[in-house]
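For the single chain, residues carry numbers from 1 onward in sequence order.
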Amino acid sequence: MSQREGSLEDLRDESSISFLPHLEAKIRQTHNLARLLTKYSEQLLEEYVQQQGDPFGLPDFSPPRISLAGLSGPAPSHAGLPLSERLRLDAAALSALPALLDAVRRRQAELNPRAPRLLRSLEDAARQARALGAALETVLAALGAAARGPGAEPAATTTLSTANSTAGVFSAKVLGLHVCGLYGEWVSRTEGDLSQLVPGGVA
């Protein structure tokens with residue numbers, strides 16, 4: 001048995017209610033939401049790039065690497081953790097993302113006031129990340145593996161807000177690109193992790 005399969009069995013054993021019909025339905029619903037948001041996040045990233053102008057849309061453009069204190073993309077080591085810990089990391093990231101996406105939307109409202117579709121997409125993404133995070137926390141609580149605290153939101157949001165207020169136009173656009181990328185990475189990782197809990201598995 002693989003480590004991932006073992007982790008799934010551990011979660012099943014940890015809670016006597018873990019696979020009652022109502023929880024099975026909640027797991028499927030949450031997984032389906034994560035899968036849908038993975039598609040939406042790809043569209044958001046494309047739309048964001050389109051609205052930033054050159055050099056963002058150029059094929060050979062490679063944005064500078066940046067970091068946000070308290071929130072990064074999923075690490076390769078993430079895949080080796082127990083399933084319950086991976087899901088807690090997903091929930092922590094999802095708790096941080098809405099405020100970050102809201103900060104990007106406010107900056108884009110200044111930089112691209114004539115891009116209402118992008119602004120709506122960023123607003124929708126924040127709301128959807130919040131909904132996915134809440135659904136995931138419900139699943140974790142039912143499995144006896146509740147998320148630990150508020151996660152990375154305060155540090156990451158403060159960092160982004162400070163950077164947005166002091167950054168030049170190019171740097172602010174790069175920050176927004178990074179946040180949109182993180183949104184896509186985390187909803188995709190959440191989808192993959194939840195697939196291990198879907199009764200009967202997924203293709």
Side-chain angles (χ1 to χ4, degrees), residues 33-81 86 89-133 136 150-193:
L33 177 59
R35 182 164 51 189
L36 182 64
L37 295 192
T38 297
K39 296 177 181 178
Y40 286 170
S41 70
E42 294 169 357
Q43 297 171 3
L44 173 64
L45 189 60
E46 291 177 3
E47 189 172 3
Y48 183 90
V49 169
Q50 289 172 0
Q51 293 297 330
Q52 306 313 307
D54 291 341
F56 287 83
L58 299 178
D60 58 349
F61 175 61
S62 179
R65 298 291 298 176
I66 60 174
S67 62
L68 289 175
L71 183 65
S72 59
S77 59
H78 187 164
L81 295 172
R86 295 202 305 272
L89 287 171
D90 297 335
L94 289 168
S95 75
L97 281 163
L100 295 173
L101 289 161
D102 282 340
V104 173
R105 177 183 53 80
R106 290 192 295 271
R107 193 67 166 109
Q108 283 294 305
E110 299 172 0
L111 298 175
N112 286 306
R114 296 183 180 180
R117 181 177 173 180
L118 172 60
L119 300 180
R120 284 195 303 270
S121 294
L122 286 164
E123 184 176 8
D124 289 344
R127 184 176 65 252
Q128 291 159 351
R130 195 172 287 113
L132 179 59
L136 181 57
E153 182 172 353
T157 304
T158 300
T159 301
L160 183 67
S161 298
T162 301
N164 262 333
S165 65
T166 60
V169 171
F170 179 77
S171 295
K173 290 181 176 183
V174 171
L175 278 168
L177 180 67
H178 182 58
V179 170
C180 290
L182 287 174
Y183 170 60
E185 290 174 23
W186 279 109
V187 296
S188 177
R189 179 55 61 92
T190 300
E191 177 193 353
D193 290 340

Gap separating the [atom1] atom of [X] from the [atom2] atom of [Y], nearest 0.5 angstrom:
X: Glu123; Y: Gln128; atom1: CD; atom2: CD; result: 10.5 Å
X: Leu119; Y: Arg114; atom1: CG; atom2: CZ; result: 13.0 Å
X: Ser72; Y: His178; atom1: OG; atom2: NE2; result: 8.0 Å

Within a strict 4.5 Å, meaning less than it, do heavy atoms of the [X] and [Y] side chains meet?
X: Arg130; Y: Asp102; result: yes
X: Thr38; Y: Arg35; result: no
X: Leu175; Y: Val104; result: no
X: Tyr40; Y: Gln43; result: yes
X: Leu122; Y: Arg107; result: no
X: Leu182; Y: Leu68; result: yes
X: Lys173; Y: Tyr48; result: yes
X: Val187; Y: Leu94; result: yes

Can you name the nearest heavy-atom pair linking [X] to [Y], along with the distance?
X: Arg189; Y: Ala79; result: NH1-N, 4.1 Å
X: Ala129; Y: Pro98; result: CB-CG, 4.1 Å
X: His78; Y: Asp90; result: CE1-OD1, 3.3 Å
X: Phe61; Y: Pro55; result: CB-O, 3.0 Å
X: Leu177; Y: Pro63; result: CD2-CG, 3.8 Å
X: Ser121; Y: Leu44; result: CB-CD1, 3.8 Å

Checklist line | Trp186 side chain to Ala91 backbone, donor-acceptor under 3.5 Å | finding: no

Notebook entry, point to check: Is there a donor-acceptor pair closer than 3.5 Å between any side-chain N or O of Ser188 and the backbone N or O of Glu185?
Noted result: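 No: the side chain of Ser188 does not pair with the backbone of Glu185.
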
Next item on the list: Could you please spell out the steps behind the side-chain contact (heavy atoms from CB on, under 4.5 Å) verdict for Leu45 and Tyr183?
Entry: CA-CA 9 Å; Leu45 189 60; Tyr183 170 60; over 6 Å; no

Next item on the list: Give the C-alpha distance, both sets of side-chain angles, the deciding distance and a yes or no for side-chain contact (heavy atoms from CB on, under 4.5 Å) between Gln52 and Leu118.
Entry: CA-CA 11 Å; Gln52 306 313 307; Leu118 172 60; 3.9 Å; yes

Next item on the list: Please test Asn112 against Gln108 for side chain to side chain donor-acceptor pair (under 3.5 Å), starting from the C-alpha separation and ending with a verdict.
Entry: CA-CA 5 Å; Asn112 286 306; Gln108 283 294 305; 2.7 Å; yes

